[in-house]
Amino acid sequence: MPTLSEFSDYVHTLSTESSKASGSTSTAKLVSSNKTQNSNSSIQAELDVLGSLSLSDKPATAKNEPHISFITCLLTATDNEGNTNQAISTLRNLLEDGRGECLVKLDQDPVDPSIKRQLSSADYDTALMNLKALCARPLLDCAITELYAAQDAKSDEKSGEVLIRERNLSVSDLLEIRIAVVGNVDAGKSTLLGVLTKGGLDDGRGKARVNLFRHKHEIESGRTSSVGMEIMGFDAEGKVVGANDGTRKASWKEIVSGSRKVITFIDLAGHEKYLKTTVFGLMGGSPDYVMLMVGANAGMIGMAREHLGVALALSIPVFICITKIDMCPENILQETLTQLSKIIRSAGCRKMPRFVKSLRDVAEASTNFASQRICPIFQISSVTGEGLDLVRMFVNLLQFHGQFDRSGPFEFEINDTFSVPFVGTVVSGIIASGSVKTGDNVYLGPDSLGQFSLSSIRSIERKRQPVEAAHAGQSVSFAMKKIRRRDARKGMVVLAAAKDEPPPKCVREFMAEVLILQHATTIKTRYQAMLHVGAVAQTCTIVGLDRPYIRTGDRAMVKFRFMLRPEYIKPGQKILFREGRTRGLGVVREVFYGF
Ligand SMILES: Nc1nc2c(ncn2[C@@H]2O[C@H](COP(=O)(O)OP(=O)(O)OP(=O)(O)O)[C@@H](O)[C@H]2O)c(=O)[nH]1
């Protein structure tokens with residue numbers, strides 16, 4: 001029987017196959033578009049010096065020249081113009097790949113990590129000084145921040161790592177990382193977000209979370225019931241923008257205007273009653289990472305396991321914050337750590353726990369953890385502030401790893417709808433592919449009859465700031481022309497309306513390859529469950545099976561039918577269905593148009 005992690009890897013591979021090819025082209029476009037805005041004469045002069053080194057070419061090796069390691073280039077940059085140019089070219093490629101930022105270990109080649117060189121403290125200082133000089137050049141115009149430096153007293157060896165981040169980015173090109181925050185009820189999710197985004201500390205009685213609640217009943221009960229959004233901004237040097245002593249929350253405008261990287265926290269509900277909303281947030285919110293909160297005194301209880309299971313099923317990298325360590329006796333904390341390590345190493349997860357205790361651990365964990373099977377674990381307190389600096393630095397360094405197709409047709413999934421006075425109907429969500437600009441004609445739908453309505457984009461906001469255009473992977477909101485609020489709902493899509501092309505088609509029935517993770521008995525046709533696919537959450541019936549019945553551990557081809565109305569879904573999308581204790585996940589393989 002395949003384990004959850006094996007199957008989710010398989011599902012992940014299937015669902016990302018198609019978008020892989022387009023990823024690198026899109027980042028290249030992003031950076032080159034930034035650079036076109038910086039077309040001043042000094043950059044032109046630098047470009048002239050760089051001569052034939054094309055921006056997208058990999059240096060040296062692409063031209064069959066002997067490869068000089070980055071470290072050598074750095075150490076000799078002051079004396080050798082060729083090496084300077086090669087180092088700049090390498091940095092530009094790294095910045096393109098990292099959407100405007102990169103991490104560089106001074107004793108390791110960033111292109112070929114197998115090339116390492118032990119640096120004396122004098123060489124280290126020279127390399128760092130030269131790197132700073134390169135970053136200050138107008139062609140790069142980057143801030144450079146030393147994350148840590150370690151010197152061996154006996155051998156005089158020195159090593160360290162730096163963060164390099166571009167200074168000039170427009171709001172529409174701002175790097176955004178989305179983190180879904182999950183965990184059992186009362187684990188301290190809203191509190192940590194309050195402390196991280198506002199500054200200051202909590203009093204242990206819910207002081208920090210009050211501003212985060214969206215409804216009156218949430219303030220009264222202290223329980224999150226909806227999907228909340230909080231943003232945290234970092235400037236080019238990696239400092240938090242706008243956080244203060246906790247008395248005043250910085251406005252989104254203040255944060256966005258001063259930031260070069262924005263972290264969006266999706267605050268999800270911990271109570272079982274709101275599981276549908278939480279799964280919706282995990283699927284429809286397209287998070288890049290999941291932060292699982294665990295109370296040190298309570299351990300992995302209740303919904304925490306459920307949330308971890310969903311994150312693993314969706315192949316989203318997970319890191320864990322063990323909170324409330326201020327009020328937890330040492331022996332209970334040790335029990336929680338042992339329990340967590342066991343769960344993370346178990347066959348269902350197959351990850352390595354990595355306890356993060358220093359800035360060096362932070363730098364290593366943040367670079368490797370999306371690609372490798374590690375699960376960083378922090379021990380923190382929102383009351384004393386212990387460990388919070390490490391969490392701040394960690395989210396500052398988290399890298400973008402989403403695969404969105406910027407060059408494909410425009411597609412946008414609606415996560416929320418609003419009616420804004422003097423503006424009209426506003427829809428918010430994630431651009432799944434392509435780009436859009438104000439004035440573009442679009443289709444919105446499907447409605448209950450499977451129809452799409454023609455509309456156009458009146459205006460676009462990104463992080464509450466007006467922008468002229470938006471691109472795949474970004475979370476944005478659109479004001480829609482000629483659409484009433486009641487005609488827009490979560491799970492609908494906004495699609496490009498090309499001239500002379502028929503409206504898009506929607507789907508009532510589809511075939512999916514699924515794995516049953518948990519079910520008490522057998523599942524046969526006519527079985528009904530709540531099915532999530534992207535931002536769509538609707539009850540589905542099983543109308544066809546490739547065998548008489550399926551049970552826990554089975555992998556099968558299943559034909560589903562939406563009960564209420566047709567939806568816009570596509571092959572390759574991940575699905576998750578649940579009913580009571582039953583859980584299943586899979587990938588859409590074939591869709592049948594019509595209703
Ligand atoms: N002592 C101590 N108390 C904390 C800490 N973090 C949170 N709390 C308290 O724990 C309680 C629950 O915190 P919340 O942030 O509301 O928990 P939650 O996980 O968001 O809960 P839901 O929104 O219902 O899912 C509040 O009274 C907080 O003040 C901490 O680090 N130490």
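Atoms within a ligand are numbered from 1 in the order they appear, just like the ligands themselves. Residues: numbered from 1 along the sequence shown.
- Using a 4.0 Å cut-off between heavy atoms, Asn184 contacts ligand 1 through its backbone alone, with no side-chain atom that close.
- In this structure, His471 has its ring center no closer than 6.0 Å to that of Phe404.
- Of the candidates Asp267, Asp326, Leu193, Ile322, Asp326 brings a heavy atom nearest to atom 32 (N) of ligand 1.
- By the 6.0 Å and 45° rule, Lys239 does not stack over the aromatic ring of Phe234.
- For Val185, no nitrogen or oxygen atom sits less than 3.5 Å from a nitrogen or oxygen atom of ligand 1, counting backbone and side chain alike.
- Of the options Leu268, Asp186, Thr191, Val383, the smallest heavy-atom separation from atom 6 (N) of ligand 1 is shown by Thr191.
- Near Arg205, the atoms of ligand 1 lying under 4.0 angstrom from a non-hydrogen atom of the residue are 27 (O), 29 (O).
- The shortest separation from a heavy atom of Ala187 to ligand 1 is under 4.0 Å, placing the residue in contact.
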Task: Ile430/Gln474 under side chain to side chain contact (heavy atoms under 4.5 Å, CB included): CA gap, chis, key distance, verdict - done: CA-CA 6 Å; Ile430 316 279; Gln474 299 180 345; over 6 Å; no

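- Residue-level proximity to ligand 1 for Met327 is carried by the side chain, the only part with a heavy atom below 4.0 angstrom.
- Nearest to atom 17 (O) of ligand 1 by heavy atom, out of Gly295, Ser190, Gly188, Ala304, is Gly188.
- Of all heavy-atom pairs spanning Thr323 and Ala187, the tightest one is CG2-O, 2.8 Å.
- With respect to the salt-bridge test (charged N to carboxylate O, under 4.0 angstrom), the residues Arg489 and Glu567 qualify.
- At a heavy-atom distance under 4.0 Å, no atom of Met293 approaches ligand 1.
- For Phe378 and Phe394, the gap between ring centers is short of 6.0 Å.
- Residue-ligand proximity, Ser381 to ligand 1, at heavy-atom distances under 4.0 Å covers atoms 31 (O).
- Salt bridge absent: Asp554 and Arg551 never bring a charged side-chain N and a carboxylate O closer than 4.0 Å.
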